[in-house]
Amino acid sequence: MVFQQVSLVFAAESKISTQSDADFVETDKKELPKLEVIAQRNQFNQSINSSLSEIAAATVQLESPSHPNQIFDRVPGVWITRGSGQEHLSAIRSPVFTGAGACGGFMVLEDQVPTRPSGFCNINQLFEVNISQASTIDVLRGPGTVIYGANALHGAININTPGPAPNPFAEYSFSIGKNDYYRSQIALSSDKMALQASYTDAGSFRNDEDYLHSQFNYQIVHAVGNASGRTSLAYVDLAQDTAGFILGKDSYKQTQLRLQNLNPDAYRKGNALRLSSRWDWLTDDDYSVELIPYARSSQMEFLQHFLPGTPLEKNGQESMGLLMSWSNNSALSAGFELEWAQGWLTEYQENTIEDGSLFLRETRPQGFHYNYEVEASTVAAWFQWQHQFNAQLGLNAGFRAEYIHYDYDNKMLNGNSRDDGSLCQFGGCLYTRPDDRSDEFSALSPELGMSYQLNPRNYLYARVSRGYRAPQATELYRLQKGQLVADLNAETLNSIEFGLHGYTDALDYELVIYAMRKNNFIFRDGNGFNISDGKTKHKGIEGQLGWQLADELSISSNFSWAQHDYAFNRDLGAAGTLQAGNEIDSAPPLLAALQFKWQGNSRGAEAEWVYQGNYYLDAANEHSYSGHRLLNLKGWLAFSKDRYSLSLQINNLLNKRYAERADFAFGNYRYFPGNSRWFSLQLKYRY
């Protein structure tokens with residue numbers, strides 16, 4: 001099938017998954033198929049009853065995504081919006097979040113290790129992982145399990161790198177596409193090491209928009225005594241010329257307007273380096289132990305073209321940590337985590353503002369706005385307990401405690417003066433720098449799940465859980481309009497869900513319903529203050545279906561219906577009035593996708609239909625986007641004893657005019673226009 005859904009029953013070895021794209025394998029009719037576990041932390045995570053989807057390696061290779069949004073529409077309840085270049089915003093059982101409180105709501109991991117430290121999120125963080133060469137991709141929908149900590153509020157995405165293969169191989173590919181798209185990739189593997197590398201040089205249908213994207217991954221396996229493991233190195237570099245929103249109602253439909261780049265000087269540069277080493281061993285008492293030390297570094301700079309004065313932001317972080325997991329291989333597992341990080345940020349406006357009102361020109365001065373460092377430390381501990389009452393009924397319970405401490409050091413003058421100490425008119429400059437301070441946050445996140453196996457092929461589950469998100473450094477220390485202290489609380493998300501999973505000889509399915517309530521929602525109010533007294537409600541239905549029609553024909557589909565509402569009232573000033581019961585903006589209630597695939601001997605084709613429903617563009621629910629439907633085609637052919645393969649991909653076959661994301665702000669409809677009909681051709685050689 002074109003998706004692989006990992007559905008988990010608590011009963012030992014009782015896990016169901018759809019088969020890969022290449023094969024539909026009949027399983028023993030008396031038990032559910034087993035899932036290969038690649039890490040002990042992964043095994044703990046999958047032992048609970050949860051909505052955990054796995055995108056199979058064959059699906060990743062089939063999609064060969066040039067942007068994250070091309071692959072995640074295969075998972076229900078997930079929407080990765082496409083911005084300029086590799087920019088994006090994410091939604092997992094949630095709206096797309098923007099502004100204060102936006103990033104940090106989703107955890108991104110590579111081989112079960114978070115790619116960024118707590119408190120230093122990157123809203124575009126999926127560009128820091130090599131998705132197109134992943135072995136599998138896990139998507140946890142809903143609050144993170146006790147294995148995951150802060151930031152897995154609405155869900156988590158884990159990118160699994162391939163690692164060494166039993167049979168050595170070398171693979172080279174080259175892709176060419178419309179709008180000056182070029183990508184070359186290499187993958188090498190022996191029984192001890194593996195390497196993946198990708199380089200993309202891409203233009204755009206929009207003016208002055210392009211990017212260079214380099215990705216590198218290396219893995220080596222090792223063993224010392226009775227301990228074995230794998231060490232992984234990852235590096236990514238992105239340099240792009242950015243295009244922002246186009247303006248005007250339905251401007252994405254207009255031939256000339258959709259090509260515009262109103263911010264031709266905008267750019268983004270970023271790089272990330274990660275090193276981790278996983279060690280597993282079995283003690284003399286038959287306990288399983290896993291240790292994962294890791295280190296990370298990242299830097300980024302980008303022109304904030306969306307702000308008056310277009311200030312330049314530079315930021316970075318260095319961090320290291322240790323993950324430890326323990327299991328008695330029966331009912332109990334536990335672990336702890338230690339992390340240290342140091343992050344920094346500067347914002348500099350090169351020129352004075354020449355246009356606009358006196359208030360605008362006076363309160364956004366030329367010079368440095370922010371220059372600070374934050375040192376952060378995190379300590380966490382968790383455990384899971386599992387119990388099987390009988391052959392059908394099982395229970396799992398877990399608990400996590402986490403503590404995060406920040407030390408903030410302002411490198412500039414305190415307050416909201418200019419960087420030379422002179423005062424702005426109208427009560428001070430917009431940008432406020434707090435005094436040096438320390439902040440700490442702690443959270444307790446329990447979870448409880450039960451499963452009931454109706455028969456060997458079908459089971460029900462229920463799960464109650466809590467996710468949390470500590471305030472990020474930028475929300476605490478990057479303040480505005482004279483807010484000297486951001487007295488913020490950690491966001492919490494309480495969730496309950498019920499699921500039904502099953503399969504037949506030719507069919508597998510999943511149906512889930514959920515309800516969630518978020519407290520201490522962080523947002524920016526009408527005064528420009530960062531506050532955390534918001535409340536929201538979320539409920540929805542998600543489903544997936546895989547159907548093998550014949551030996552060579554299959555259908556995969558997923559859908560989600562969700563309602564995301566504000567549960568409090570607030571005057572947001574120029575942004576309008578927020579009322580309890582209003583739908584949260586940028587939250588399409590309906591998302592769906594359908595893939596019809598023919599797989600023959602050394603050849604195949606897939607037609608994909610993607611649906612996105614209408615959604616509101618503002619908190620007052622006064623403006624909306626009508627949604628869209630897209631048709632994509634893929635075809636592939638292998639020859640010369642399958643050493644060579646040729647694949648063709650056509651996106652937006654019907655050449656629809658649509659918006660990747662729509663917004664309404666500052667009195668304007670704003671859009672990221674979708675690409676017209678686009679194609680790419682890939683040639684691959686493997687030996």
*asked:* Measuring centre to centre across the rings, with the benzene-like ring taken for any Trp, is Phe127 within less than 6.0 Å of His88?
replied: no
*Find out whether Ser53 and Gln544 are in side-chain contact, i.e. whether some heavy atom of one side chain is under 4.5 Å from a heavy atom of the other.*
yes
_For the student: nearest non-hydrogen atoms of Ser297 and Glu318, plus distance_ = OG-OE2, 3.5 Å
*Any chance you could measure Arg400, atom CZ, to Ser465, atom OG, to the nearest 0.5 Å?*
13.5 Å
*Are the charged groups of Glu447 and Arg466 less than 4.0 angstrom apart, N to O?*
no
_Salt bridge Arg74-Glu63, side-chain N to carboxylate O under 4.0 Å_ = yes
*Starting from the C-alpha separation in whole Å, work towards a yes-or-no answer on salt bridge (Lys or Arg N to Asp or Glu O under 4.0 Å) for Glu110 and Arg296.*
CA-CA 12 Å; Glu110 184 178 60; Arg296 302 168 299 209; over 6 Å; no
*With a 4.5 Å limit on heavy-atom distance, are the side chains of Ile584 and Thr536 in contact?*
yes
*Closest contact, heavy atoms only, Gln112 versus Leu323*: O-CD1, 4.0 Å
*Leu545 side chain reached by Ile555 side chain, heavy atoms, under 4.5 Å*: no
*Kindly compute the distance separating CG (Asn489) from CD1 (Ile522), expressed to the nearest 0.5 Å.*
8.0 Å
*Looking at residues at least two apart in the chain, or sitting in another chain, which of them share a side chain to side chain donor-acceptor pair (under 3.5 Å) with His564?*
His538
*Partners meeting side chain to side chain donor-acceptor pair (under 3.5 Å) with Ser442 (sequence neighbours left out)*: none
*Is a side-chain donor or acceptor of Asp73 paired with a backbone partner of Leu591 at a separation under 3.5 angstrom?*
no
*Tell me yes or no: between the side chains of Ser228 and Arg278, is some donor less than 3.5 Å from an acceptor?*
no
*Say whether, by atom type as modelled, one donor and one acceptor occur between the side chain of Gln472 and the main chain of Ala470 under 3.5 angstrom.*
yes
*Enter the distance from Cys121:SG to Gln317:CD here, rounded to the nearest 0.5 Å.*
11.5 Å
_As a quick check of understanding, evaluate side-chain contact (heavy atoms from CB on, under 4.5 Å) for Leu275 and Thr231, giving each step before the final call._
CA-CA 7 Å; Leu275 177 66; Thr231 295; 4.0 Å; yes
*Can you list the residues that meet the side chain to side chain donor-acceptor pair (under 3.5 Å) rule with Gln70, with sequence neighbours excluded?*
Ser66, Gln649
*asked:* Give me the atom names and distance for the closest heavy-atom approach of Leu153 to Leu493.
replied: O-CD2, 3.3 Å
*Report the C-alpha distance between Glu402 and Tyr468 in whole Å, list the side-chain angles of each, state the deciding distance to 0.1 Å, and finish with yes or no for side-chain contact (heavy atoms from CB on, under 4.5 Å).*
CA-CA 10 Å; Glu402 185 157 339; Tyr468 68 95; 2.2 Å; yes
*Ion pair present between Lys535 and Glu491, side-chain N to carboxylate O less than 4.0 angstrom?*
no
*For Tyr611, all residues meeting side chain to side chain donor-acceptor pair (under 3.5 Å), sequence neighbours excluded*: none
*Would you mind reporting whether Trp547 and Thr504 have side-chain heavy atoms less than 4.5 Å apart?*
no
*Where does the angle between the aromatic ring planes of Tyr406 and Phe120 fall among parallel (under 30°), tilted (30 to 60°) and perpendicular (over 60°)?*
perpendicular
*Minimal non-hydrogen separation, Val78 against Val139, with atom names*: CG2-CG1, 4.0 Å
*Ignoring hydrogens and angles, state whether a donor on the side chain of Ser232 or Gln219 is under 3.5 Å from an acceptor on the partner side chain.*
no
*Under the side chain to side chain donor-acceptor pair (under 3.5 Å) criterion, do Thr161 and Arg230 qualify, and how do the steps go?*
CA-CA 11 Å; Thr161 58; Arg230 190 178 82 164; 2.9 Å; yes
*Looking at Gln384 and Leu332, what are the two nearest heavy atoms and their distance?*
O-CD1, 3.3 Å
*Kindly compute the distance separating CD1 (Ile159) from OG (Ser132), expressed to the nearest 0.5 Å.*
10.0 Å
*Who are the ring-ring contact (aromatic ring centres under 6.0 Å, His included) partners of Tyr403, not counting sequence neighbours?*
none
_Any Trp326 side-chain heavy atom under 4.5 Å of Phe383 side chain_ = no
_Salt bridge or not between Arg141 and Glu542? Use side-chain N to carboxylate O under 4.0 Å._
yes
*Hey, what's the ring geometry for Trp385 with His387, parallel, tilted or perpendicular (30° and 60° as the breaks)?*
parallel
*Go through the steps to decide whether Tyr509 and Leu500 satisfy the test side-chain contact (heavy atoms from CB on, under 4.5 Å), and finish with yes or no.*
CA-CA 8 Å; Tyr509 65 89; Leu500 171 64; 3.8 Å; yes
*Check whether the side chains of Ser333 and Ser327 place a donor and an acceptor atom closer than 3.5 Å, and report yes or no.*
no
*asked:* Ignoring hydrogens and geometry beyond distance, is a side-chain donor-acceptor pair present between Gln392 and Gln453 at under 3.5 Å?
replied: no
_Show, in sequence, the C-alpha distance, side-chain angles and deciding distance for Tyr294 and Thr115, and conclude whether the side chain to side chain donor-acceptor pair (under 3.5 Å) test is met._
CA-CA 10 Å; Tyr294 61 86; Thr115 58; over 6 Å; no
_Taking Arg93 first and then Glu497, would you say they form a salt bridge - that is, a charged N and a carboxylate O separated by under 4.0 Å?_
yes
_Looking at Asp565 and Lys539, is any side-chain nitrogen of the basic one under 4.0 Å from a carboxylate oxygen of the acidic one?_
no
*Check the pair Thr378 / Trp340 against side-chain contact (heavy atoms from CB on, under 4.5 Å), numbers first and verdict last.*
CA-CA 7 Å; Thr378 301; Trp340 172 89; over 6 Å; no
*asked:* For the backbone of Leu393 and the side chain of Gln388, can you confirm whether one donor and one acceptor N or O come within less than 3.5 Å of each other?
replied: yes
*Among side-chain atoms of Glu583 and Tyr566, is any donor-acceptor pair under 3.5 angstrom?*
no
*Shortest non-hydrogen contact from Asp505 toward Arg457*: OD1-NH2, 2.8 Å
*Do you see a donor-acceptor pair shorter than 3.5 Å between the side chains of Thr283 and Asp285?*
no
*Pair listing, disulfide (SG to SG under 2.5 Å) test, anchored in residues 129-161, at least two apart*: none
_So, taking the atom named NE2 in His501 and the one named CG in Asn458, what distance separates them when rounded to the nearest 0.5 Å?_
11.0 Å
*asked:* We want to know whether Asp138 and Asn160 form a side-chain donor-acceptor pair, criterion being a heavy-atom distance below 3.5 angstrom.
replied: yes
*Show your working on side chain to side chain donor-acceptor pair (under 3.5 Å) between Thr81 and Trp79 and close with a plain yes or no.*
CA-CA 6 Å; Thr81 73; Trp79 179 31; 5.6 Å; no
*Are Phe389 and Leu395 side-chain neighbours, meaning at least one heavy-atom pair lies under 4.5 Å?*
yes
*Going by heavy atoms in the side chains, are Asn130 and Val236 under 4.5 Å from each other?*
no
*asked:* Within the 3.5 Å criterion, strictly below it, is a donor on Tyr148 or Ser445 matched to an acceptor on the partner's side chain?
replied: no
*Give, for atom CD1 of Ile404 and atom OG of Ser377, the distance between the pair rounded to the nearest 0.5 Å.*
9.0 Å
*Side-chain touch Pro143/His154, heavy atoms, less than 4.5 angstrom*: no
